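These notes are about the structure you will find just below.
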Amino acid sequence: MGRQSRKTLVINIALVLLILCACLGGYRWYSAQYADGASAAALVHDADGNVWELSLAVDTELTVSTDLGTNVIRVENGEVWVDRADCPHQDCVEQGAISESGQMIICLPHELWIELVSVDTADGEGTAGAQGTQNPESTDGYDALSR
Amino acid sequence: MREVLLGRSSFLKLMGALVGAVCAGNLIACSEDSGSEPSSTTLFFFDTQCTITAYCSEEILEKASERCRFFEQTFSRTVEGSDVWQINHAQGEMVDVERETYDVIAKALEYAKVSGGSFDITIGAVSELWDFDAGIRPSSESIAQALPHVSYKNLILDEANCRVGLSDPLSRIDLGGIAKGYIADDLTELFKGEGCKSALINLGGNVMCVGTKPDGSPWKVGIQDPNASTGSSIIASVECSDTTVVTSGLYERHFEEGGVDYYHILDPKTGYPVLTDLVSSSIVSASSTEADAWATILFMQGTSEALTTLDSREDFDALLVNDAGEILVSDGTVFNLV
């Protein structure tokens, strides 16, 4: 192989690798836009098996009523909370606002719960990946919490 | 014209093939990550939220749900007609009960004896006076009237006929300190009997890990900081495979009145919330029934006596948090402190 040919081969290979890296980098950047915490949704489950998906990026209010009672859920400034409810002890209201994937609010008397999931795991049906998974502050992830 | 090894056309084809291969590889990797999906169900039983996640058919999961309904109807002291309700209202007569009811009461009796009565399911005579959700504290007079009827020695078990009774008609059984552990063990037997090798049972924080995850890795269970609000901070983790993690803590149910905090774990000897320097105790064991009972027993003992107990037992591991904020773990611990 002549010197000129070897040089050309090296340049060709370098160009191919450069383009590949650019493609990979672009793909990783695109995926990172949906990383945990960057785009979260609240899945609201009621006693009748209904599930609502509320984006934390959109301020909204949801009223959920079943035979067990009524809860009013608010999303504002990237947080979700139970604003008011007619349950006897108001534990769900007192739990306050949550905003990170893995956190949860529970209203036991109304059998209603709100779980935060990252957008890519929320399919609007209450995904199995989100069930029983609570990871409030660690990036390692836990399958369950003992408390 | 200079000689090149790759013509323009060949170069573009090669680049396209390589880029396509890389993209396909990433997509395949992503689909493999989300591969075998578990089935999951969330139920509200035993006055708490229960989540069962299993890599098995929906039919098996439905059997587990049915099993939970069975136990709710059988073990609850407030469900009229349940085994426990019947025993509590039998005026001292023996009651025919389900085999499971007999088993859990027999186990509870063993723990009562080994703990010298600090674990006592006949606490029901007093616990029914308190309402930690509504913040109701009974009068000292009513506690004093009920306390003499708290004694595990009032339990009468007839194994041959599967019958249970209370020699004191005013004694009351409350299985709250052992029921979830027993039920978790029962569900574990169900899953394994059905051939399900990977499941996670979470009964209001009483966690049972059946097998490993499908990829062979252990389940990871976090221990909540008892001094933080629910779900907001983790102090330790355990990697579990066919093991259970059960925590007894002050923060689950309590209320404040007159500047005094009243916690839901009652002392059978006084009828009042136990006086202890521990704020939580977490047990890791192969048996959730055992873990449930010992989590309460160690909590009642307090730090010093609990550490002595741990020195003499090798069948479970424990993590204790005291009111000084110290985290104490058993020797050769399985806990990974955060």
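Bear in mind the structure is a predicted one, so any value in this text is a computation, not a measurement. To find a chain, count down the sequence lines: A is the first, B the second, and so on, and within it residues start at 1.
With a 4.5 Å cut-off on non-hydrogen atoms, A:Ile106 touches chain B through its side chain but not through its backbone. Residue contact with chain A, scored on non-hydrogen atoms closer than 4.5 Å, involves the backbone and the side chain of B:Val221 alike. Looking at A:Ile105, neither its backbone nor its side chain comes within 4.5 Å of chain B, counting heavy atoms on both sides. For B:Val246, the part sitting under 4.5 Å from any heavy atom of chain A is the backbone (N, CA, C, O) and nothing else.
Using a cut-off of 4.0 Å between Lys/Arg side-chain N and Asp/Glu carboxylate O, B:Glu257 and B:Arg137 are scored as salt-bridged. Classification of B:Lys180 and B:Glu72 as a salt-bridged pair fails, no side-chain N sitting under 4.0 Å from a carboxylate O.
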For B:Phe299 and B:Trp294, run ring pair (Phe, Tyr, Trp, His ring centres under 6.0 Å): C-alpha distance rounded to whole Å, both residues' side-chain angles, the deciding distance at 0.1 Å, then the answer. CA-CA 8 Å; B:Phe299 191 87; B:Trp294 277 106; over 10 Å; no
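Although no hydrogens or angles enter the test, the distance criterion places a donor-acceptor pair under 3.5 Å between the side chain of A:His89 and the main chain of B:Asp133.
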